Trainee: 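Here it is: the structure, laid out below.
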Protein chains: 2
Amino acid sequence: MNKKKLQTEQTKKKIADASRALFIQKGYKATSIEDIVKATACSAGNIYYHFKSKEGLFLYLIDEWNREWDETWLAKEQSFPTVIEKIYGLAEHLALDQLNHPLTKAVDEFYNNTEKPTEVEEHIGEIVQGYLTFNRQLLQQGIDNGELQNFNINGLAVILDSLFLGLSQHSRNMSRQETMDTYRLAVDVFLRGVAAV
Amino acid sequence: MNKKKLQTEQTKKKIADASRALFIQKGYKATSIEDIVKATACSAGNIYYHFKSKEGLFLYLIDEWNREWDETWLAKEQSFPTVIEKIYGLAEHLALDQLNHPLTKAVDEFYNNTEKPTEVEEHIGEIVQGYLTFNRQLLQQGIDNGELQNFNINGLAVILDSLFLGLSQHSRNMSRQETMDTYRLAVDVFLRGVAAV
DNA sequence: TGATCTAGAATGAATATTCAGTATTTTGAA
DNA sequence: TTCAAAATACTGAATATTCATTCTAGATCA
């Protein structure tokens, strides 16, 4: 049991990679199985052999994506001594690769398009919550060590995420450099707004 | 030509109102003509009698929407003497009725899902630009009269809009009160971040 | 009567999913 | 070791579904 396992792994990855790119580029609905078939040069049946459904494929990508985000951030986080630097680091991380934001176009579109709460919606809800919790912890840390003022943490967590979420949308119409600058300026303003005296 | 005209006006409004709500709630693609038929209790044919197409209907809504926004804001604006109050007023205006934000789900989804630039996309692009221009002027005014610090205006305009855009997404999961509070807090932070000394 | 308005079934295109069959690899008993 | 059956990986045409749009006919008002 070797060559088969390897093969499966490879095609699954091939499908995942191609469809991820397509979902990001075109959105969830606008990406058809046919598109993925063309991009991967494997049959529709094969896609359904490896993934339960289009929705299941999407779910797989979201989870993978979220997992990777945690990993890469954890690796980076160590290098920022203060919370303020962490927030700048976070902004840069997001600006450099907006795809890393768990709430990108496709997810958001999906979230809005489905009628009934599907498995995917629950997952997304959890991921968003996780993201807010992450922000809360970051801010709490800053408050604890005196870097930040003791504002309403829950509110600030949402605001920080909103800022990045909104920026990720606008950044579609901006150059790399503009994006970086704007993210940075946003953090400047945010921090100046919440910094301790 | 009276009763007929009235009738036409009414059904057109009925269709517009119902579909606006649906587009906002479910997104553009996920809203089917059938949905609108159910919501309005008038037939598919009727919808097509009054509007050229689904896209045409959407376009109509966007324009109407933008027009109304200008009007209502202009009416409100007078009552805010300072720029700072204007920004709070703006936040409240948006929080109270997120539908007023030109870049809501449906618009954004539409913007992303279509392959080729359609008439609608151009409209949306213009509206977004108009919105940023509006923010720029507001901020410039604040700088001119000494309320705000002389930051990078273009960047700030995007940031302010991003903030509201992101908040409008998160507010879907918040109560009315939470929404109001969070919008307000966001402006607190923003202003504290850009206020003159 | 003729213009305007409305209904709702029919059409047709797009597209997610299934299925019946084929090719390849693994397994394990002779 | 060998080789046939089992398991696995895959194909692509067929099917099912969804949905925008059109069409024909009927109702209502001037």
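Note on naming: letters A, B, ... go to the chains in the order of the sequence lines (proteins, then strands), and numbering restarts at 1 for each one. Atom set for the values below is all heavy atoms of this structure, side chains included, hydrogens, waters and symmetry mates excluded. Computed from a predicted model, the values in this text were never measured in an experiment.
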Trainee: Provide, to the nearest angstrom, the distance between the CD1 atom belonging to B:Ile36 and the P atom belonging to D:dC19.
Mentor: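 Those two atoms, CD1 and P, are 12 Å apart.
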Trainee: Sequence neighbours left out, what passes salt bridge (Lys or Arg N to Asp or Glu O under 4.0 Å) with B:Glu77? Give chain and number order.
Mentor: B:Lys86
Trainee: Assess B:Lys54 against B:Tyr28: is NZ or CZ under 6.0 Å from the centre of the six-membered ring, and within 45 degrees of the ring's axis?
Mentor: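 Checked: cation-pi criterion met.
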Trainee: Treating primed atoms plus P, OP1 and OP2 as sugar-phosphate and everything else as base, which nucleotides of nucleotides 6-22 of chain C get B, S or - for protein heavy atoms under 4.0 Å?
Mentor: BBB-------SBBB---
Trainee: According to the interplanar angle, ranging from 0 to 90°, do the rings of A:Phe80 and A:Trp73 count as parallel (below 30°), tilted (30 to 60°) or perpendicular (above 60°)?
Mentor: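 Answer is parallel, since the angle falls under 30°.
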Trainee: For the residue pair A:Lys12 and A:Phe51, would you count it as a cation-pi contact if the rule is NZ or CZ under 6.0 angstrom from the ring centre and within 45 degrees of the ring axis?
Mentor: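 The answer is yes; both the distance and angle limits are met.
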Trainee: If you define the side chain from C-beta out and look only at heavy atoms, does anything of A:Ile33 sit under 4.5 Å from A:Val37?
Mentor: yes
Trainee: Distance check needed: D:dA9 P versus A:Lys13 NZ, whole Å only.
Mentor: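 So the two atoms are 18 Å apart, to the nearest Å.
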Trainee: Mark yes or no for a side-chain to base donor-acceptor pair under 3.5 Å between A:Lys4 and D:dT8, with no hydrogen or angle criteria applied.
Mentor: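 Side chain to base: pair present.
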Trainee: Taking CG from B:Asp35 and P from D:dC19, how many angstroms apart are they, rounded to a whole number?
Mentor: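 My rounded result for the distance is 7 Å.
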Trainee: Going through the distances and angles, do A:Asp144 and A:Gln141 end up as a side chain to side chain contact (heavy atoms under 4.5 Å, CB included)?
Mentor: CA-CA 5 Å; A:Asp144 288 347; A:Gln141 205 181 326; 5.6 Å; no
Trainee: Starting from P on D:dT21, measure out to CD1 on B:Ile15 and report it in whole angstrom.
Mentor: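 Taking atom P of D:dT21 as the reference, CD1 of B:Ile15 is at 14 Å.
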